[in-house]
Amino acid sequence: MTGNDIDLHAVAERFRLDGDVTRVAPYGDGHINATYLVETTDGRAILQRMNTTVFPDTFHLMRNIELVTAFLRAQGQETLDIIPTRDGSTYLEDATGAWRMYVFIEDTVSYNLVTDAAVFRAAGGAFGAFQNQLSGFDASQLTETIAHFHDTPKRFRDFLAALDRDAMGRAAGCPDEIAFFRGRDGRYATITDGLADGTIPLRVTHNDTKLNNILMDARDGHARAIIDLDTVMPGSLLYDFGDSIRFGASTALEDERDLDKVHFSLDLFRSYAEGFLGELGGAVTAREAELLPTGAWMMTVECGMRFLADHLAGDIYFATRYPEHNLVRARTQIRLASEMEEQADAMAAVVADVMGGKA
Ligand code: ATP
Ligand code: MG
Ligand code: MG
């Protein structure tokens with residue numbers, strides 16, 4: 001069923017809004033859920049038809065969001081505020097789909113791209129504060145809404161399976177890229193093993209740290225709230241840190257064809273680390289701090305092998321605009337990961353320097 005067939009007014013009115021609904025219209029540029037702005041005689045709200053294909057377990061998804069936002073709010077942190085249905089549920093499910101409503105967080109801006117170091121530092125600060133505020137939260141209460149999300153060894157096995165099948169006969173066209181991922185097999189379990197043996201603490205991870213999921217104050221630019229909590233799950237802080245570096249500390253887009261433009265920026269790595277560690281302070285363990293560069297590398301390699309696996313499988317998962325699109329994406333990730341390998345000592349020195357500044 002498309003949005004056009006649904007009486008959005010009627011859906012909105014089933015939530016506990018104060019005023020009368022005057023208008024419901026598509027809003028924002030999210031890719032996963034269908035998002036609408038609801039205007040009432042009393043104010044504004046966000047209505048979302050949740051993507052139950054990507055997240056089939058709506059009950060546990062909403063429970064995760066409820067638990068995490070309640071914990072954040074109790075510490076005075078601005079966060080998503082669920083508007084319940086008229087019968088008191090956190091979401092609504094009927095023939096038209098699964099729906100939820102949030103209070104509209106007013107007077108904010110967000111960015112789609114890293115425009116400068118200050119914005120990236122602010123993003124690091126937002127996620128550092130998020131980790132800090134949730135450091136006392138028992139992450140094992142949360143449900144894994146997408147199983148094995150950052151299980152890099154499993155992602156590698158999936159890659160090998162796609163290679164084995166070679167459904168499109170594309171493997172012969174990318175031997176160097178295949179060799180890159182095969183050649184690093186021994187390092188993929190560093191984080192998963194650490195979580196399993198307890199040397200890396202299990203924490204709440206956001207898992208979708210892109211910039212437009214941070215709402216920043218329209219007046220002074222400080223990070224107000226982290227939104228889009230669908231992928232909040234138990235995991236390692238290294239996942240969120242690493243994925244932010246993967247997309248934000250790159251000098252080019254994820255699908256840049258000209259690899260000469262694709263570089264890992266140590267300066268942007270420093271900016272993010274300053275923001276992140278500045279807010280996280282003593283809540284980061286020594287082992288986590290030591291592994292921050294590895295986290296960046298791991299998320300980049302993991303993403304790259306997923307792109308290459310999808311290229312081999314015939315572009316099933318990631319939307320593509322041309323036949324080599326996923327291969328191009330895999331190559332940018334390989335380039336970034338290679339530069340991170342070359343600059344591993346420099347990254348470690350940055351972390352030590354930023355941590356030293358904190359002590
Ligand atoms: P993504 O593609 O990042 O996964 P999504 O489809 O999951 O996105 P959201 O990020 O939850 O959707 O919301 C889409 C957009 O709607 C946000 O980028 C933001 O601009 C806006 N938005 C969502 N919730 C709120 C809120 N509570 N207050 C104000 N704006 C919001
Ligand atoms: Mg979003
Ligand atoms: Mg989302």
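Below, each value reflects all heavy atoms present in this structure, side chains not excepted, and no hydrogens, waters or symmetry copies. Both ligands and their constituent atoms are indexed starting at 1 by order of listing. Since the structure is predicted, the reported quantities are computational estimates derived from the model, not experimental observations.
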Among all protein non-hydrogen atoms, which one is nearest to [atom], and what is the separation to 0.1 Å?
atom: atom 10 (O) of ligand 1; result: Asp228 OD2, 3.0 Å
atom: atom 21 (C) of ligand 1; result: Tyr27 CE2, 3.8 Å
atom: atom 6 (O) of ligand 1; result: Asn33 N, 2.8 Å
atom: atom 18 (O) of ligand 1; result: Asn212 O, 3.5 Å
atom: atom 2 (O) of ligand 1; result: His31 N, 2.6 Å
atom: atom 15 (C) of ligand 1; result: Gly28 CA, 4.4 Å
atom: atom 9 (P) of ligand 1; result: Gln48 NE2, 3.5 Å

Quiz item: Any idea which part of Ile46 is under 4.0 Å from ligand 1, heavy-atom wise: side chain, backbone, both or neither?
Solution: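 The answer is the side chain of Ile46.
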Quiz item: At under 4.0 Å between heavy atoms, which part of Thr108 makes contact with ligand 1: side chain, backbone, both or neither?
Solution: neither
Decide whether [X] and [Y] meet the rule of one side-chain donor and one side-chain acceptor closer than 3.5 Å.
X: Ser265; Y: Asp267; result: no
X: His9; Y: Asp7; result: no
X: Asp255; Y: His325; result: yes
X: Thr332; Y: Glu254; result: no
X: Asn212; Y: Asn112; result: yes
X: Gln75; Y: Gln133; result: no
X: Arg306; Y: Gln333; result: no
X: Thr40; Y: Asp42; result: no

Exercise. Group every Ile, Leu, Val, Met, Phe, Trp and Tyr by side-chain heavy-atom contacts under 4.5 Å, then state whether Ile178 and Met168 land in the same group.
Key: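 No.
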Quiz item: Which of the N/O/S atoms in Asp228 sits closest to the Mg ion (ligand 2)?
Solution: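 Going by distance to the Mg ion (ligand 2), the closest N, O or S atom in Asp228 is OD2.
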Exercise. Tell me whether Asn212 has at least one N, O or S atom under 2.8 Å from the Mg ion (ligand 2).
Key: no
Decide whether an N or O pair under 3.5 Å exists between [X] and ligand 1.
X: Ile105; answer: yes
X: Asn213; answer: yes
X: Ser110; answer: no
X: Tyr102; answer: no
X: Lys210; answer: yes

Quiz item: If you measure from OG on Ser338 to NE2 on His263, what distance do you get to the nearest 0.5 Å?
Solution: 12.0 Å
Atoms in ligand 1 with a heavy atom of [X] nearer than 4.0 Å:
X: Phe104; result: 28 (N), 29 (C), 30 (N)
X: Leu80; result: 27 (N)
X: Asp208; result: 3 (O), 4 (O)

Quiz item: Within a strict 4.5 Å, meaning less than it, do heavy atoms of the Arg16 and Thr85 side chains meet?
Solution: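 No, every pair of side-chain atoms sits at 4.5 Å or beyond.
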Quiz prompt | Within-4.5 Å side-chain heavy-atom neighbours: Met340 and Pro293 | solution =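 Not in contact.
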Quiz item: For atom 27 (N) of ligand 1, which of Leu229, Ile227, Thr35, Val103 has the closest heavy atom?
Solution: Val103
